[in-house]
Amino acid sequence: VELEVGLDTFRIVDEEDPLAHKMHTEFYTVPQKTVDAKFLEKAIEKLERQFKYIVKVSDKDVEKQIQAKLKNAGEKKLTEAFIKKNTDNECKTKAEYEKHVRKQLEKDKKNSVGSELLSKVSGDSKLKKTPKLQLKAAKKDVEQNYEQMASQYGMDVDSLIKAYGMDEKSYQAMVKNSAKESVKLHLVAHAIAKEEGIRLSSSDYDQRLKEFKESTGLSEKQFKKQAGSSYEDYAKENNFEEYFFQEKVGQFLVDKATAK
């Protein structure tokens, strides 16, 4: 069983109330043969009939993103040096940088829509059965995530789940359901990729990692101080390759859904 951890797992907590921090989703590798291809095909057909998305980014969105990057890097003013540093010298002027940021925001929105569509396909798909070993591992990981979260907030698990409005029974039900959905989602993503010939090339990975670096607005030194490792090591340790792969599957669904 392989635990695959995505970017959301390490999302920085920036809420004033830590309990308002948005929870993440985990994925687990399971046997391909457990997918019922017939239901998967029907789910995709239903998706195509129901969804049509337009990805649009406003000037306000671009300015807000630039200001966020400046703040995150401890800068007060947009300078040519900042622009060059955060685009690997691809951009020099403010206009070029705004265009660059807009393009990235559009891609981010597309990825977000893709994630939603992938979840929709997964929800409309059915498994012949949920593999017991993978489900057990998934449940254990969900519980460990709550334990780690509780530790970060200086709480015990019981206090944390109460803060989320759950008792022990509802907590266990949530853990089981989250684990089942995680196993199913990962399985469906790989089934789609197999049927459609989707793969993440090394150049795809390098480009996506580059975009991730830019999105943080942090230098290598700043990131290492915050994360405890370099961008490259952090990506390997947390299996960004799988996360980027699932993004690509989601992008395929967006393109397919908007084609009609």
Side-chain angles (χ1 to χ4, degrees), residues 1-12 22-30 32 35 40 44 47 53 55 57 65 68-69 72 86-88 90 100-122 125 134 138 141 145 181-220 223-224 226-258:
V1 178
E2 180 182 355
L3 168 63
E4 298 156 2
V5 184
L7 300 179
D8 281 351
T9 307
F10 302 95
R11 180 181 297 163
I12 297 173
K22 186 177 180 181
M23 296 293 292
H24 58 268
T25 301
E26 300 289 341
F27 305 98
Y28 307 88
T29 301
V30 294
Q32 182 67 46
V35 174
L40 176 61
I44 294 177
L47 173 72
Y53 288 89
V55 178
V57 174
Q65 180 70 357
K69 287 176 179 291
N72 199 31
N86 284 273
T87 61
D88 283 344
E90 290 182 9
H100 176 84
V101 171
R102 183 183 300 277
K103 184 177 180 180
Q104 186 57 54
L105 284 174
E106 288 173 347
K107 186 171 183 178
D108 289 344
K109 284 194 173 184
K110 186 175 181 180
N111 286 338
S112 179
V113 171
S115 177
E116 182 180 348
L117 296 187
L118 182 56
S119 294
K120 176 63 177 175
V121 172
S122 178
S125 302
Q134 286 80 359
D141 187 65
N145 286 332
E181 290 304 313
S182 295
V183 169
K184 184 180 178 184
L185 183 62
H186 177 78
L187 184 70
V188 167
H190 281 268
I192 294 172
K194 182 178 180 180
E195 290 296 318
E196 302 295 339
I198 301 170
R199 59 181 292 271
L200 185 77
S201 67
S202 58
S203 59
D204 290 335
Y205 177 85
D206 291 342
Q207 177 60 31
R208 190 61 187 87
L209 182 58
K210 178 182 177 183
E211 292 169 356
F212 171 71
K213 292 179 181 179
E214 292 177 4
S215 71
T216 67
L218 299 174
S219 66
E220 290 280 353
F223 184 83
K224 189 170 185 179
Q226 181 172 304
S229 59
S230 68
Y231 278 111
E232 287 72 18
D233 289 342
Y234 186 83
K236 290 178 181 178
E237 292 164 3
N238 297 293
N239 203 8
F240 277 22
E241 184 174 3
E242 176 62 24
Y243 183 84
F244 296 156
F245 165 76
Q246 293 207 11
E247 277 188 341
K248 194 164 186 178
V249 174
Q251 289 172 0
F252 163 79
L253 292 178
V254 174
D255 292 338
K256 195 171 182 64
T258 58

Practice problem: Please list, chain by chain and in numerical order, all residues satisfying salt bridge (Lys or Arg N to Asp or Glu O under 4.0 Å) with Asp204, sequence neighbours excluded. | Solution: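 Salt bridge (Lys or Arg N to Asp or Glu O under 4.0 Å) check on Asp204 returns Lys248.
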Practice problem: Show the numbers, then the answer: is there a side chain to side chain donor-acceptor pair (under 3.5 Å) between His186 and Gln134? | Solution: CA-CA 11 Å; His186 177 78; Gln134 286 80 359; over 6 Å; no
Smallest separation among heavy atoms of [X] and [Y], with atom names:
{"X": "Ser230", "Y": "Glu220", "result": "CB-OE1, 4.4 Å"}
{"X": "Ala193", "Y": "Val249", "result": "CB-CG2, 4.2 Å"}
{"X": "Ala235", "Y": "Leu209", "result": "CB-CD1, 3.9 Å"}
{"X": "Lys184", "Y": "Ser125", "result": "NZ-O, 2.7 Å"}

Self-check item: Which residues share a ring pair (Phe, Tyr, Trp, His ring centres under 6.0 Å) with Phe223, sequence neighbours left out
Solution: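 Partners of Phe223 by the ring pair (Phe, Tyr, Trp, His ring centres under 6.0 Å) criterion, ordered by chain and then number, come out as Tyr231, Tyr234.
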Value rounded to 0.5 Å, distance of [atom1] in [X] from [atom2] in [Y]:
{"X": "Thr216", "Y": "Asn72", "atom1": "OG1", "atom2": "CG", "value": "6.5 Å"}
{"X": "Ser182", "Y": "Leu187", "atom1": "OG", "atom2": "CG", "value": "12.0 Å"}
{"X": "Lys210", "Y": "Glu214", "atom1": "NZ", "atom2": "CD", "value": "6.0 Å"}
{"X": "Lys109", "Y": "Glu106", "atom1": "NZ", "atom2": "CD", "value": "8.5 Å"}
{"X": "Ser215", "Y": "Asn86", "atom1": "OG", "atom2": "CG", "value": "10.0 Å"}

Quiz item: Would the number of heavy atoms belonging to other residues, nucleotides or ligands and lying under 6.0 Å from NZ of Lys236 be above 12?
Solution: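 Not more than 12 within 6.0 Å, no.
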Self-check item: CD/Gln104: more than 12 non-hydrogen atoms of other groups inside 6.0 Å
Solution: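 More than 12 within 6.0 Å, yes.
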Quiz prompt | Exam field: side chain Asn145 to backbone Asp141, donor-acceptor pair closer than 3.5 Å | solution =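 Confirmed, Asn145 side chain pairs with Asp141 backbone.
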Practice problem: Look at the side chain of Ser119 and the backbone N and O of Ser115, then say whether any donor-acceptor pair between them is shorter than 3.5 Å. | Solution: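 Yes; judged by distance alone, with no hydrogens or angles, the pair exists.
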Quiz item: Are side-chain heavy atoms of Lys107 and Gln251 found at a separation under 4.5 Å?
Solution: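 Answer yes - side chains close enough.
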Practice problem: Report yes if the side chains of Val101 and Leu105 come closer than 4.5 Å at any heavy-atom pair, otherwise no. | Solution: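 In short, these two side chains touch, coming nearer than 4.5 Å.
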Quiz item: Residues in side-chain hydrogen bond (donor to acceptor under 3.5 Å, both in side chains) with Glu232, at least two apart?
Solution: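 Partners of Glu232 under the side-chain hydrogen bond (donor to acceptor under 3.5 Å, both in side chains) test: Lys213.
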Quiz prompt | side-chain contact (heavy atoms from CB on, under 4.5 Å), paired with Phe244, selected from Glu211, Arg208, Gln207 | solution =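 Per the side-chain contact (heavy atoms from CB on, under 4.5 Å) rule, the option paired with Phe244 is Arg208, out of Glu211, Arg208, Gln207.
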